[in-house]
Amino acid sequence: MKEPSAGWASSPHSVGGDVDIAAVGALVADPARCRILLALADGRALPANRLAAEAGISAATASSHLGKLTTAGLLLVEARGRYRFYRLAGPEVGTLIEALERFAPALPVRSLRQSHRAQTLREARMCYDHLAGRLGVNLMRVMIERGYLTGYDDAHDPTGAQRDQRAPDGAVADIDDYALTERGKSFLDAFGVQLPAHRQSVRYHMDSSEQRLHLSGTLGRGLLNRFIELEWIRRSDDSRAVLITQAGRQGLAESFEIHPDA
């Protein structure tokens, strides 16, 4: 895989002064470039011709946009035979896309197909290398409610009743900090999710459609991989949507008390 060129998005800030947020804004101000980034937001690598089709532009125009995104360090490109495949440069780009989605107005739905696509994306979708949408949010909710994760915030405790929960040593827990408990580790081991042995904070994102938190990082990725192994979910061929199989609906209900149809 070709590494990104020394573009401004991937290079360290070696000179003092403010960062140029407008430069990033200019990149994502173009609708075609946004459609390209959204098409890649599930972490897959796609060929240039597929991205041109996703953006509704010509191959030549797509090549120009892809060149700008790659030079800026937002995309990586690799050659596979005669074709060039592009992917997001890393999870931080996926985080940027998810953050922009939270503030962006919804596009109007003008057909039954668009309505179905929107509903499918909201139920379950990929956010780079982990699950988002209602499924991702509910997974985090269950992990917290069962005591698999410690830490609280208003998104999962709207009343703030547990905001002053104290840690075992008597210290007030940081409401923005989540950590995996021993009970959570035991559950994940039994469920078949392998995580690094060292203790680490649990990463999470604010979900753009649900406005609640979903798991990311190694835990989010581990759950996604296990669901794929169990054939509970399968990735859509033409969008970021994740399709929940019949086995998945049964398994989610039995193991997590999550009912996607509800």
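The analysis underlying the following values was restricted to heavy atoms, covering all of them including side chains, and did not include hydrogens, waters or symmetry mates.
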Exercise for the section: List for me each residue that meets salt bridge (Lys or Arg N to Asp or Glu O under 4.0 Å) alongside Arg183, sequence neighbours excluded, and say none if there are none. Expected result: none

Handout entry: Between Glu123 and Gln119, a side-chain donor and acceptor under 3.5 Å
Key = no

Practice task
Evaluate the side-chain proximity of Val202 to Thr150: yes if any heavy-atom separation is below 4.5 Å, no if none is.
Solution key: no

Practice task
Indicate, with yes or no, if Ile97 and Leu121 share a hydrophobic cluster defined by side-chain heavy-atom contacts under 4.5 Å among Ile, Leu, Val, Met, Phe, Trp and Tyr.
Solution key: no

Practice task
Nearest 0.5 Å please: distance from the OG1 atom of Thr95 over to the CZ atom of Arg203.
Solution key: 9.0 Å

Handout entry: Distance, nearest 0.5 Å, that separates CZ of Arg249 from NE2 of His259
Key = 12.0 Å

Handout entry: Glu210 vs Arg122 side-chain heavy atoms within contact, under 4.5 Å
Key = yes

Handout entry: His214 vs Glu98 side-chain heavy atoms within contact, under 4.5 Å
Key = yes

Handout entry: Gap separating the OG atom of Ser186 from the CG atom of Leu180, nearest 0.5 angstrom
Key = 9.0 Å

Exercise for the section: Can you measure from CG (Leu131) to OG (Ser216) and round to the nearest 0.5 angstrom? Expected result: 11.5 Å

Exercise for the section: For the residue pair Thr61 and Ser64, confirm or rule out a side-chain donor-acceptor distance under 3.5 Å. Expected result: no

Exercise for the section: If a pair satisfies salt bridge (Lys or Arg N to Asp or Glu O under 4.0 Å) and one of its residues is in residues 101-117, list it, with sequence neighbours excluded. Expected result: Glu101-Arg240

Handout entry: Note, Asp189 side chain near Leu195 side chain (heavy atom, < 4.5 Å)
Key = no

Handout entry: Check: Thr71 side chain, Gly67 main-chain N or O, donor-acceptor pair, under 3.5 Å
Key = yes

Practice task
Determine the minimum heavy-atom distance between Leu27 and Ala72, stating which atoms define it.
Solution key: CD1-CB, 3.4 Å

Problem - Donor + acceptor pair across side chains of Arg125, Ser208 (<3.5 Å) - result: yes

Practice task
Starting from the C-alpha separation in whole Å, work towards a yes-or-no answer on side-chain contact (heavy atoms from CB on, under 4.5 Å) for Leu224 and Ile233.
Solution key: CA-CA 9 Å; Leu224 168 69; Ile233 61 174; 3.5 Å; yes

Problem - Distance-minimising heavy-atom pair for Ser255 and Arg146 - result: O-NH1, 2.7 Å

Practice task
Identify the two heavy atoms, one from Gly133 and one from Asp207, that lie closest to each other, and give their separation to 0.1 Å.
Solution key: N-OD1, 2.7 Å

Handout entry: Sole candidate of Leu223, Leu213, Leu219 that passes side-chain contact (heavy atoms from CB on, under 4.5 Å) when paired with Met140
Key = Leu213

Exercise for the section: Could you tell me whether a side-chain N or O of Thr70 sits under 3.5 Å from a main-chain N or O of Leu66, the two making a donor and an acceptor? Expected result: yes

Handout entry: Residues Arg221 and Asp129 bridged, charged N to O under 4.0 Å
Key = yes

Exercise for the section: Assess whether atom CD of Glu257 is packed by more than 12 heavy atoms of other residues, nucleotides or ligands within 6.0 Å. Expected result: no

Problem - Cluster check Leu252, Leu243: I/L/V/M/F/W/Y, side chain < 4.5 angstrom - result: no

Completion exercise
Closest non-hydrogen contact found for Ala55 with Ile36 is CB-CG1, 4.0 Å

Practice task
Please examine the side chains of Asp42 and Val242, heavy atoms only from C-beta on, and report whether any two atoms are closer than 4.5 Å.
Solution key: no

Exercise for the section: Considering non-hydrogen atoms only, spot the tightest contact between Leu37 and Leu88 and give its length. Expected result: CD2-CD2, 4.1 Å

Exercise for the section: Could you walk me through whether Val93 and Leu75 pass the side-chain contact (heavy atoms from CB on, under 4.5 Å) test, one step at a time? Expected result: CA-CA 8 Å; Val93 184; Leu75 299 184; 5.8 Å; no

Exercise for the section: Verify the ring-centre separation between Phe256 and Tyr148: is it less than 6.0 angstrom? Expected result: no

Exercise for the section: Mind checking the CG-CG spacing from Leu46 to Leu51? Nearest 0.5 Å is all I need. Expected result: 5.0 Å

Exercise for the section: Could you walk me through whether Val193 and Asn225 pass the side-chain contact (heavy atoms from CB on, under 4.5 Å) test, one step at a time? Expected result: CA-CA 8 Å; Val193 175; Asn225 291 339; over 6 Å; no

Exercise for the section: Carefully, step by step, assess Phe227 and Leu139 under the rule side-chain contact (heavy atoms from CB on, under 4.5 Å). Expected result: CA-CA 12 Å; Phe227 287 176; Leu139 282 171; 3.6 Å; yes

Exercise for the section: Measure from the side-chain N and O atoms of Arg35 to the backbone N and O of Gly56, and report whether any donor-acceptor pair falls under 3.5 Å. Expected result: no

Fill in the blank from the handout: What one should report as the nearest heavy-atom pair of Ala241 and Thr120 is CB-CG2, 3.5 Å

Handout entry: Of all pairs that satisfy salt bridge (Lys or Arg N to Asp or Glu O under 4.0 Å), the ones with a partner from residues 51-74, not counting sequence neighbours
Key = Arg50-Glu54

Practice task
State, with a plain yes or no, whether a side-chain heavy atom of Arg87 is found less than 4.5 Å away from one of Arg44.
Solution key: no

Exercise for the section: For the residue pair His205 and Cys127, establish whether any side-chain heavy-atom pair is separated by less than 4.5 Å. Expected result: yes

Completion exercise
For residues 24-33, the side chain to side chain donor-acceptor pair (under 3.5 Å) pairs (sequence neighbours left out) are Arg33-His65

Handout entry: From CG (Leu74) to CD (Glu92), nearest 0.5 Å
Key = 9.0 Å

Handout entry: For Glu231, salt bridge (Lys or Arg N to Asp or Glu O under 4.0 Å) partners two or more places apart
Key = none

Handout entry: Sub-4.5 Å side-chain heavy-atom contact between Ile144 and Tyr178
Key = yes

Problem - Flag if over 12 foreign heavy atoms under 6.0 Å of CZ, Arg234 - result: no

Exercise for the section: Report yes or no: do Ile228 and Leu215 belong to one cluster of Ile/Leu/Val/Met/Phe/Trp/Tyr joined by side chain heavy-atom distances under 4.5 Å? Expected result: yes

Fill in the blank from the handout: Applied to residues 72-122, the ring pair (Phe, Tyr, Trp, His ring centres under 6.0 Å) test, sequence neighbours excluded, yields none

